[in-house]
Q: 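Here it is, the structure, as C-alpha cells.
Below, read A as the first sequence line, B as the second, and so on, with proteins coming before strands; counting in each chain starts at 1. Since we're looking at a predicted model, the values are computed, not measured.
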There are 2 protein chains.
Amino acid sequence: MDLRTLETLRAVRSQGGVTAAAAVLHLTPSAVSQQLAALTAEMGVPLTERVGRGLRLTPAGAALADAAVDVAVAVERARAACQGHRDSPVGTVRVSAFQSAAQLVFPRLLDTVAGWDGVTLECADEDVALADFPDLTDRFDVVVAHRPDGAADWPAGVRVVPLFREPLDVAVSPGHRLAGRAEVSPEELADEAWITVREGFPVAPVLAAVAARSGAAPRIAHRINDFTVATAMVAAGHGISLLPRHTTPAFAGVRLLRLTGVPAGRRVEALLRPDRAERRVVARVVGALTALAAEIDHRAGRAV
Amino acid sequence: MDLRTLETLRAVRSQGGVTAAAAVLHLTPSAVSQQLAALTAEMGVPLTERVGRGLRLTPAGAALADAAVDVAVAVERARAACQGHRDSPVGTVRVSAFQSAAQLVFPRLLDTVAGWDGVTLECADEDVALADFPDLTDRFDVVVAHRPDGAADWPAGVRVVPLFREPLDVAVSPGHRLAGRAEVSPEELADEAWITVREGFPVAPVLAAVAARSGAAPRIAHRINDFTVATAMVAAGHGISLLPRHTTPAFAGVRLLRLTGVPAGRRVEALLRPDRAERRVVARVVGALTALAAEIDHRAGRAV
DNA sequence: CCGTCCTTGCAGACTGGCTACATGGACCTG
DNA sequence: CAGGTCCATGTAGCCAGTCTGCAAGGACGG
C-alpha cells in the first residue's frame with residue numbers, strides 16, 4: 001500500500017486503461033500492471049476486471065480509488081503544513097490552458113511569477129474536447145478550461161475555480177454586408193457560411209443554439225479549432241464565426257457584432273485535482289490567476 | 001514522502017528519540033536517522049533539532065507529524081473501504097492489557113475471536129505507569145488501560161473507548177480485626193500497614209485520597225504491582241490493600257470491604273491510535289471487547 | 001481468419017533502503 | 001576534571017523491491 005501505487009490506481013481509473021495510465025505516469029504498462037497485481041494481492045480483493053481487451057475497476061477498486069483521493073489530499077495537506085513554517089512556498093507548477101486563454105494569460109502570469117523566488121511555471125497549451133478537460137488534471141496542476149453557457153457541470157472529484165465569463169460575438173469580414181452593424185439577431189444569419197470548431201469542442205453547442213433560434217440548420221463551411229486561424233479566415237471573407245470577445249485582438253481585421261436574443265458566452269474556469277489544490281505553490285498561482293481574471297472582467301465591464 | 005517515513009516521524013515524536021523509535025519500528029537507529037535526513041531534505045525545512053544528547057521535533061516537524069496522523073487515518077480508511085467489499089474483515093490484531101484486566105478479558109476474548117475465520121489475536125500483558133499507556137499504542141492496536149477516578153484525561157491524539165468502571169475495595173485478611181465488617185471508613189484505617197503499587201501507577205492516587213481523608217500519611221509497607229501477589233500477601237496478613245472488586249477472585253482468601261466516604265474506583269478503557277481504529281478487524285475486536293465489558297458491568301450491578 | 005491492440009508474465013538491471021560498524025558530542029560520576 | 005556511557009549520525013556494503021525490455025495470450029475489427 002504505497003502512495004505511488006494508489007496514484008497508479010487512480011490513473012488507471014481516470015485514464016481508463018493500463019497503457020493510458022502508464023503514459024500519464026511516465027511508466028511502462030508492465031510496471032502499472034505489476035503494481036495493480038501487488039495491490040490486489042495485498043487487499044485480497046479483485047480491484048480490476050477485464051472488459052473486452054481493456055480493463056475496468058471493480059466496485060472494490062473504485063472504492064479504494066475514491067479513498068485514495070482523501071489520502072492524496074491528506075499528504076499534500078501535510079506537505080503544506082510543513083511548508084507553512086517556511087518563509088514562502090516554492091516548487092514548480094504545471095499549467096495548461098486552451099489556445100486563446102493561453103495567449104491571454106500565460107505571458108502576464110509568467111511576468112507575475114518571475115518575481116517569486118523558487119517558483120517555476122511550466123506552461124502548455126492543451127485544447128481538448130469538453131469531456132476530456134478533467135482528465136488533463138492528471139498531467140497538470142492547473143487546467144484552464146472553458147465550457148459554453150448552459151453546459152453540464154464538471155464531474156465530481158475535480159475542484160473548479162471560476163475565472164471569468166466571456167461573451168461570444170459574431171465575427172465578420174470588414175467587407176461583409178453586416179460589417180457596419182453593432183448588433184445582429186440569429187434570424188439575420190440564417191444563410192451564412194460558418195466557420196466553427198470540431199464536434200464536441202466547447203463552443204459548438206452555442207452555434208447550435210443560434211441556429212435553432214434562426215430555424216434553419218447552420219451551414220458549416222469549415223471546422224477550425226484554433227481561433228487565430230479562424231479569425232484569419234473570417235478576415236479574408238471565407239465565412240463568419242463565433243469568436244470570444246476579449247481574446248480576439250482588435251487588429252485582427254474582423255468586425256465583432258453583438259449577438260441579440262441568444263445568451264452566447266463561455267465560462268473560463270481553472271480545474272484542479274483536490275490533492276494538487278492543497279499545494280501552497282499551486283494555491284498561490286491560482287490566486288494570481290484569479291487576480292488576472294478579475295482584471296480581465298473589470299476591463300471587459302468597462303469595454304461593454 | 002513515504003508512508004513509512006511519516007510513520008517514523010510520528011514514532012520519533014511519541015517515543016522521544018531516534019533509538020526508542022527505532023526499537024518500536026523494528027529498525028536500527030541509523031535507518032531512522034537516515035529517514036529523517038531524507039525527509040528533511042525533501043521538505044527543505046529542519047524537522048528535528050538536537051537537545052542535549054537527544055532530539056526534539058521543530059514546530060515544522062510537529063506540524064508534519066500532526067498532519068501525518070490524518071494521512072495514516074486516510075490510508076486505513078482506504079483499506080477499510082476496500083475490505084468492505086469483502087465478506088468479513090480479516091487480519092491480526094495486537095491487544096495489550098494490564099495484568100488484572102488481561103486475566104479477566106483475554107480468555108473470553110480469545111474464545112470469541114476463535115470463531116472468526118482469518119482473524120488472529122496476539123495478546124500481551126503490559127502494565128506500565130499511567131503516563132506511559134498512550135505510548136503503548138505504537139506497539140499495539142488496542143491497549144486496555146486503567147486510570148483512577150479523577151485522574152487527568154488521556155492526551156489528545158489517542159482514541160478512548162470506555163469499557164467499565166471498577167470500584168476499589170479494601171482487602172483484609174480473614175483474621176483481621178475488620179474482617180467481619182461490610183463497610184469501612186478511611187478514618188478506621190489510619191494505622192494500617194498498606195500494600196500498594198509503585199509510584200506513578202494507576203491506583204496510587206486513590207490511596208493518597210483515602211489517606212488525605214483519614215488525616216494521617218499512609219504507612220506503606222510494601223510496593224507490589226501485581227494484584228495477584230498483593231492478594232496473596234494480604235491473605236497472609238502482611239497488610240491491607242486497595243484491590244479492584246471484580247478482578248479479585250472470590251476464592252483468593254481475602255475479605256473485600258466497601259470503602260465509604262471516598263469515591264474509590266478506576267476506569268478501564270481501551271486506547272487506540274486513530275489510524276489503527278480505522279481498521280475493520282480492530283473495530284470488530286473493540287466491539288467484542290465492549291460487549292464483554294457490558295457483561296461485566298451488568299454482573300457487577302447485580303452483585304452490588 | 002488474420003492483423004492489431006491491450007494486458008500480462010518473465011528475466012535482468014538498477015535504484016533505494018537497511019544493517020553493521022565507526023565517529024563525534026553531551027551528560028553523568030567519581 | 002577525566003573517564004564512562006548514551007545517543008545521534010555518518011559510511012560501506014548488502015539485499016530487496018521495482019522498473020525496463022521482450023514475448024505471449026486474448027479480444028475486437030476488417
Q: C:dG17 P sits how many Å from B:Leu25 CG, rounded?
A: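 That distance rounds to 15 Å.
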Q: Expressed in angstrom and rounded to an integer, what is the separation of A:Met1 atom CE from D:dG17 atom P?
A: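 My rounded result for the distance is 18 Å.
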Q: Atom NE2 of A:His26 and atom P of D:dT18: how far apart are they, to the nearest Å?
A: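 It is 20 Å, rounded to the nearest whole Å.
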Q: Are B:Arg279 and B:Asp141 ion-paired here, with the side-chain N under 4.0 Å from a carboxylate O?
A: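 Salt bridge: yes.
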Q: For B:Ser30 and C:dA20, is the shortest distance between a side-chain N/O and OP1 or OP2 below 4.0 Å?
A: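 For B:Ser30, the contact criterion (side-chain N or O under 4.0 Å from OP1 or OP2 of C:dA20) is not met.
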Q: If each of A:Asp2 and B:Leu55 is mapped to the nucleotide of DNA chain D with the nearest heavy atom, which maps nearer the 5' terminus, i.e. the 5' end?
A: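 First, find each residue's nearest nucleotide; the 5'-ward one identifies B:Leu55.
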Q: In terms of side-chain geometry, is the basic nitrogen of B:Arg198 or B:Asp127 positioned less than 4.0 Å from the acidic oxygen of its partner?
A: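 Answer for the salt bridge query: no.
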Q: Return the 5'-most residue of the pair A:Leu27, A:Gly52 with respect to DNA chain D, ranking by each residue's nearest nucleotide.
A: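 Nearer the 5' end of the strand: A:Leu27.
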Q: Is a salt bridge present between B:Glu42 and A:Arg79, judged by a nitrogen-to-oxygen distance below 4.0 Å?
A: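 Salt bridge flag = yes for A:Arg79 with B:Glu42.
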Q: Do NZ/NE/NH1/NH2 and the carboxylate oxygens of A:Glu122 and A:Arg94 come within less than 4.0 Å?
A: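 Not counted as a salt bridge, because no side-chain N and carboxylate O are separated by less than 4.0 Å.
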Q: Which label fits A:Trp154 and A:Phe133: parallel for a plane angle under 30°, tilted from 30 to 60°, or perpendicular past 60°?
A: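 Perpendicular.
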Q: Any side-chain N or O of B:Arg4 under 4.0 Å from OP1/OP2 of C:dG17?
A: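 No, because none of the side-chain N or O atoms of B:Arg4 sits under 4.0 Å from OP1 or OP2 of C:dG17.
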Q: Choose from D:dC28, C:dG9, C:dC18 the nucleotide whose nearest atom is closest to any side-chain atom of A:Arg53.
A: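 Looking only at side-chain atoms, A:Arg53 lies closest to D:dC28.
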Q: How many whole angstroms separate atom CD of B:Gln35 from atom P of D:dT9?
A: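 That distance rounds to 13 Å.
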Q: Distance check needed: C:dT8 P versus A:Glu49 CD, whole Å only.
A: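 It is 12 Å, rounded to the nearest whole Å.
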Q: Is there, by distance only and without an angle test, a donor paired with an acceptor across the side chain of A:Gln34 and the base of C:dT7 below 3.5 Å?
A: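 Answer no: no donor N or O sits under 3.5 Å from an acceptor.
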Q: Tell me whether the side-chain N/O atoms of B:Thr28 come closer than 4.0 Å to OP1 or OP2 in C:dT19.
A: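 Yes, B:Thr28 has a side-chain N/O under 4.0 Å of OP1/OP2 on C:dT19.
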Q: Are any of the side-chain heavy atoms of A:Arg10 and A:Asp275 separated by less than 4.5 Å?
A: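 Side-chain contact under 4.5 Å: yes.
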Q: Please report the distance, rounded to the nearest Å, between CZ in B:Arg56 and P in D:dC7.
A: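 One finds 17 Å between P of D:dC7 and CZ of B:Arg56, rounded.
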Q: Closer than 4.0 Å, any side-chain N/O of A:Thr19 to the OP1 or OP2 of C:dC5?
A: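 For A:Thr19, the contact criterion (side-chain N or O under 4.0 Å from OP1 or OP2 of C:dC5) is not met.
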Q: Starting at CG of B:Leu36 and ending at P of C:dC18, how long is that distance when rounded to a whole Å?
A: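 Distance check: B:Leu36 CG to C:dC18 P gives 11 Å.
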Q: Just wondering, more than 12 heavy atoms not from B:Arg159 lying within 6.0 Å of its CZ?
A: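 Yes, because the 6.0 Å sphere around CZ of B:Arg159 holds more than 12 heavy atoms from other groups.
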Q: D:dG17 P sits how many Å from B:Leu3 CG, rounded?
A: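 Those two atoms, CG and P, are 17 Å apart.
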Q: Between the two ends of the helix from C:dC1-D:dG30 to C:dG30-D:dC1, what is the bend in degrees, rounded to 10 degrees, where each end axis spans five pairs?
A: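 Comparing the axis at each end, I get an angle of 20°.
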